[in-house]
**Student:** 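This is the structure, below, for whatever I ask next.
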There are 2 protein chains.
Amino acid sequence: MADTKPKQAAPGEEQPPSGTRRRGDVLENAILQAAWEELRETGYGKLTMEAVASRAKTNKTAVYRRWPNKAKLVVATMMKHAPKPSLEPPDTGDLREDVLALLQGLIKPIQIIGSETIKGLMVDFHGDELHAKLTLPPRSEDILVKAIKDILRQADKRGEVKLDTIPERVVGLPVDLVRFELLATHTPLTDEAIREIVDDLFLPLVLRERNH
Amino acid sequence: MADTKPKQAAPGEEQPPSGTRRRGDVLENAILQAAWEELRETGYGKLTMEAVASRAKTNKTAVYRRWPNKAKLVVATMMKHAPKPSLEPPDTGDLREDVLALLQGLIKPIQIIGSETIKGLMVDFHGDELHAKLTLPPRSEDILVKAIKDILRQADKRGEVKLDTIPERVVGLPVDLVRFELLATHTPLTDEAIREIVDDLFLPLVLRERNH
DNA sequence: TCACATAAGGTACGGTACGTACCGTACTCT
DNA sequence: AGAGTACGGTACGTACCGTACCTTATGTGA
């Protein structure tokens, strides 16, 4: 009861200039940066809130004040630090090249994030309201599917395909398959695999009307 | 030191006939049964070794004596209790019907197991030597892909397709897509989706040579 | 038949990580 | 200047893991 004054238990080795207390965005960015580094070094499964806080030179409390759990924190840090695929149609003037370029640009960001993180997030978000956003937008709203459609639209203008005869499944096929490979394997997606997806599957399907 | 005799701390309410101590396979099956029920009721993420042991009316020790961790235990219980897809070619005499039948038979078992369990296992096995088996066999050894190939072989005999002109990717496509849907969504895979996979993607690809 | 290895029952522990509570203190804003 | 806010820091309660250790039943082979 008496003597409730833990104030400064240990005088500390060297109190670094205590006149610098980070706050607001500064601290927030430090945490997100720490989380990002921690994520890339130890992976999602082994990432702990304590380690993130420690690396950011702060403590769990400051982290939990901002994000209620690991999954949300990691999503936040990914939104900030993970490279985003460029979604403008490459527009090389050739359907095949366009699709290849898009897919190759797509895998890099996901490769960096890593399948382990994605799976971990899917598990931790299971049942969460955000779940849908992380797994599958309704396809028609999927930005990557939209990008494919843009490419197809241009090809349609050039007369390479007839867009309105192509089923939605076919449009979404390349993206679905790339995502599947990234989920199901943990080896990097090779250029050869992408070539197969485009040449053996996608192109034959979108171009098939021309065989009539 | 002295008086080391905790023998029977509490005399217990009613010592049920202590003359029945399960052992060997009996106990093992009880644990697997309990794990299976626990898995279906609470899901993989919330399943705990304690709960399994408790439901099996035994204790963690007996569980850990047999399986080193949750993931291995769950795999064991799935091998025992999860229905297995029938892999014999349905052989309805029609390629489309065969593939539809196979896929429809395939989704049921996975549906029962649940995507949450599969994802959880993939996460827990990340880096484990069993990882490959749970995610992707080298495609050429994938029993489901082999089943598709069997179906195609029969169709080839009937003259519906020319098997040796069909790329591996195409053969594996239906299975890959079904797996993807099950991983990426947590809503059940509809018959309509399966129909699309077969009619919009698979059949056009395997039958396309006939358009020449 | 009985001693003994084996394995089940059971308790308790050390360890990790989570998420929360609390307090004192620095900073910011008006 | 004063007050509210948010950071730094510690400590706590919970949950679950995986292990250690001991007691007790079982059934097998000497």
Side-chain angles (χ1 to χ4, degrees), chain A residues 1 3-32 34-35 38 42-74 120 123-124, chain B residues 1-13 15-32 34-35 38 42-74 120 123-124:
Chain A
M1 295 292 185
D3 198 281
T4 316
K5 194 165 77 79
K7 209 185 264 190
Q8 300 227 108
E13 310 292 333
E14 27 162 339
Q15 224 87 357
S18 74
T20 50
R21 182 177 278 190
R22 295 163 300 169
R23 191 169 279 268
D25 285 352
V26 179
L27 180 57
E28 178 153 333
N29 288 335
I31 294 172
L32 287 176
E38 206 67 20
T42 73
Y44 182 82
K46 290 188 177 169
L47 178 145
T48 74
M49 301 299 258
E50 257 121 352
V52 170
S54 160
R55 184 188 280 258
K57 295 208 192 320
T58 178
N59 52 287
K60 272 194 299 180
T61 316
V63 179
Y64 277 108
R65 262 197 279 268
R66 295 173 163 77
W67 301 275
N69 53 49
K70 176 163 135 180
K72 296 256 172 77
L73 167 63
V74 167
V123 169
D124 285 356
Chain B
M1 293 293 182
D3 198 278
T4 317
K5 195 165 77 80
K7 210 184 263 190
Q8 300 227 109
E13 310 291 334
Q15 225 87 356
S18 73
T20 52
R21 182 176 277 189
R22 296 162 299 170
R23 190 170 279 268
D25 285 351
V26 179
L27 181 56
E28 178 154 332
N29 288 335
I31 295 173
L32 288 176
E38 205 67 21
T42 73
Y44 183 83
K46 290 187 176 170
L47 178 145
T48 72
M49 302 297 259
E50 256 123 354
V52 169
S54 160
R55 183 188 279 259
K57 298 210 193 314
T58 178
N59 53 286
K60 271 193 302 179
T61 316
V63 180
Y64 277 108
R65 263 196 278 267
R66 294 173 163 76
W67 302 277
N69 52 50
K70 175 163 135 180
K72 295 257 172 76
L73 167 63
V74 168
V123 168
D124 284 357

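Excluded from the calculations below are hydrogen atoms, water molecules and symmetry mates; all remaining heavy atoms, backbone and side chain alike, are included. Here the structure is a predicted model, which is why all the values come from computation and not from measurement. Within every chain, numbering begins at 1; the chains are lettered A, B, ... in the order of the sequence lines, protein sequences first and strands thereafter.
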**Student:** Can any side-chain N or O of A:R22 pair as donor or acceptor with the backbone N or O of A:K57 at less than 3.5 Å?
**Tutor:**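 Between the backbone of A:K57 and the side chain of A:R22 there is a qualifying donor-acceptor contact (under 3.5 Å).
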**Student:** Could you give the NZ-to-C1' distance, from A:K70 to C:dA17, as a whole number of Å?
**Tutor:** 9 Å
**Student:** Measure the shortest side-chain to side-chain distance between B:T42 and B:T48 over non-hydrogen atoms and say whether it is less than 4.5 angstrom.
**Tutor:**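 When only atoms from C-beta onward are counted, B:T48 and B:T42 do not touch, as no gap falls below 4.5 Å.
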**Student:** Which listed nucleotide (D:dG18, C:dG19, C:dG9) is nearest to the side chain of B:K60?
**Tutor:** D:dG18
**Student:** Tell me the interatomic distance from B:M49, atom CE, to D:dT19, atom C1', rounded to whole angstroms.
**Tutor:**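 After rounding, the reported distance stands at 13 Å.
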**Student:** Starting at atom OH of A:Y44, determine the distance to atom P of C:dA17, rounded to an integer number of angstrom.
**Tutor:** 14 Å
**Student:** Starting at the 5' end of DNA chain D and moving along, which residue's nearest nucleotide shows up first, B:Y64 or A:E28?
**Tutor:** A:E28
**Student:** Does B:T58 place a side-chain N or O at less than 4.0 Å from the phosphate oxygens OP1/OP2 of C:dG9?
**Tutor:** yes
**Student:** Starting at CZ of A:R55 and ending at C1' of D:dG8, how long is that distance when rounded to a whole Å?
**Tutor:**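 Result: 20 Å.
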**Student:** Sequence neighbours left out, what passes side-chain hydrogen bond (donor to acceptor under 3.5 Å, both in side chains) with B:K70? Give chain and number order.
**Tutor:**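 By the side-chain hydrogen bond (donor to acceptor under 3.5 Å, both in side chains) rule, B:K70 matches no residue at all.
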**Student:** Mind calculating the distance between CZ (A:R22) and P (D:dT5) to the nearest angstrom?
**Tutor:** 22 Å
**Student:** Whole Å only: how far is the CD atom of A:E50 from the C1' atom of D:dA11?
**Tutor:**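 From A:E50 CD to D:dA11 C1': 12 Å.
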**Student:** For a quick test of reading the model: is some side-chain N or O of A:R66 closer than 4.0 Å to OP1 or OP2 of C:dG19?
**Tutor:**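 No.
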**Student:** Might you point out which heavy atoms bring A:A35 and A:L47 nearest each other, and give the distance in Å?
**Tutor:** O-CD1, 3.8 Å
**Student:** Could I get a table of every N or O pair under 3.5 Å where one atom is in the protein and the other is in nucleotides 21-23 of chain C?
**Tutor:**
residue	atom	partner	partner atom	Å
C:dA21	N6	A:T61	OG1	3.1

**Student:** Atom CH2 of A:W67 and atom P of C:dG19: how far apart are they, to the nearest Å?
**Tutor:**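 Roughly 14 Å, once rounded to whole Å.
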**Student:** Considering only heavy atoms from C-beta outward, does the side chain of A:V52 approach that of A:M49 to under 4.5 Å?
**Tutor:**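 No. Closest side-chain heavy atoms not under 4.5 Å.
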**Student:** What's the spacing between A:I31 CD1 and A:W67 CH2 if we round to 0.5 Å?
**Tutor:** 5.0 Å
**Student:** A:K57 has an atom NZ; how far is it from atom P of D:dC7, in whole Å?
**Tutor:**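 The answer, rounded to whole Å, is 18 Å.
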**Student:** Counting side-chain heavy atoms from CB outward, which of C:dA17, D:dG8, D:dG18 is closest to A:A62?
**Tutor:**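 Per side-chain heavy atoms of A:A62, the pick is D:dG8.
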**Student:** For a quick test of reading the model, state the closest non-hydrogen atom pair linking A:A51 to A:E38 and the distance between them.
**Tutor:** CB-OE2, 3.3 Å
